[in-house]
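Predicted model only: the values in this text are computed from it and were never measured.
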Amino acid sequence: MDKLRRVLSGHEDEEQGLTTQVLDSSSLSFGTRVKWFAICFVCGIACSILGTAFLFIPAAGKKLFAVFYTLGNVAALASTCFLMGPVKQLKKMFAPTRLIATLVMLLCLICTLCAVFWWQKNGLAIIFCILQFIAMTWYSLSYIPFARDAVIKCFTGCLN
């Protein structure tokens, strides 16, 4: 509303800082975005931990584990939408530097749920959950400069 008043009164400052432009373009305040990010991220972690606890239930534990672990990863991934917005999040996810990591991660999320509900293979679902963890870690490392290169060098150093 303040931005609209400035524009209509002719006091629009064309040389705003980047932070001001980003905050003005969002309908949520910075504090609200950070709070919802934290809530969504904590819910994702809680779902993953709860899913791990379900793993020890004899009958349907593996199915519950796969579902809750996948929901936890989806919630943690969705939490970043509150920080940067959904459109910017999708653009960054499908940028050439992390395209393969994103596709593998999304494929593992889908295959985990297919293994549980469609194929009825609990062992396969657990394998896909492990692949989910690896893919999500690799995807997350793509946001840290040179982190993936460091991990590759570390593993090649350990294997040689």
query: Closest heavy-atom contact between A147 and L141?
result: CB-O, 3.6 Å

- line: Rounding to 0.5 Å, atoms OG (S142) and CD1 (I100) come to a distance of 11.5 Å

- prompt: Would I45 end up clustered with V74 when hydrophobic side chains under 4.5 Å apart are linked, directly or stepwise?
  reply: no

task: For residues C129 and A66, report the shortest heavy-atom separation together with the two atoms involved.
output: SG-CA, 3.8 Å

message: So for atom CD1, which belongs to I57, do other residues, nucleotides or ligands contribute more than 12 heavy atoms lying within a distance under 6.0 Å?
response: yes

- prompt: For the atom pair CG (L131) and CG (L107), what is the distance rounded to the nearest 0.5 Å?
  reply: 9.5 Å

query: Same hydrophobic cluster for I144 and F155, using side-chain heavy-atom links shorter than 4.5 Å among ILVMFWY?
result: yes

task: Describe, in one word, how the ring planes of F41 and F37 are oriented to each other, choosing from parallel (under 30°), tilted (30 to 60°) and perpendicular (over 60°).
output: parallel

- prompt: From L77 CG over to Y139 OH, what is the distance, rounded to the nearest 0.5 angstrom?
  reply: 5.5 Å

Exercise: identify the closest heavy-atom pair between V116 and A125: CG2-CB, 3.4 Å

message: Quick one: does any side-chain atom of T80 pair with a main-chain N or O of A76 as donor and acceptor, under 3.5 Å?
response: no

query: Do you reckon L83 sits in the same ILVMFWY cluster as F30, going by side-chain contacts under 4.5 Å, direct or chained?
result: yes

task: Drop me the distance from C154's SG to L159's CG, to the nearest 0.5 angstrom.
output: 9.5 Å

query: Can you name the closest pair of heavy atoms from M84 and K92 and give their distance?
result: SD-CD, 3.7 Å

query: Between atom CG of L113 and atom CH2 of W119, what is the distance when rounded to the nearest 0.5 Å?
result: 10.0 Å

task: Following the transitive rule for hydrophobic clusters with a side-chain heavy-atom cut-off under 4.5 Å over Ile, Leu, Val, Met, Phe, Trp and Tyr, establish whether W138 and V104 coincide in one cluster.
output: no

- line: When rounded to the nearest 0.5 Å, the distance separating CZ of R148 from OH of Y143 is 10.5 Å

- prompt: Is F128 reachable from I110 through a run of I, L, V, M, F, W or Y residues, each pair having side-chain heavy atoms under 4.5 Å apart?
  reply: no

task: State, to 0.1 Å, how close A78 and C40 come at their nearest heavy-atom pair, and which atoms those are.
output: C-SG, 4.3 Å

query: Which atom names give the shortest non-hydrogen contact between M105 and A135, and what distance separates them?
result: CA-CB, 3.7 Å

statement: For F94, the side chain to side chain contact (heavy atoms under 4.5 Å, CB included) test, sequence neighbours excluded, returns L90, L99, T102, L103, L106

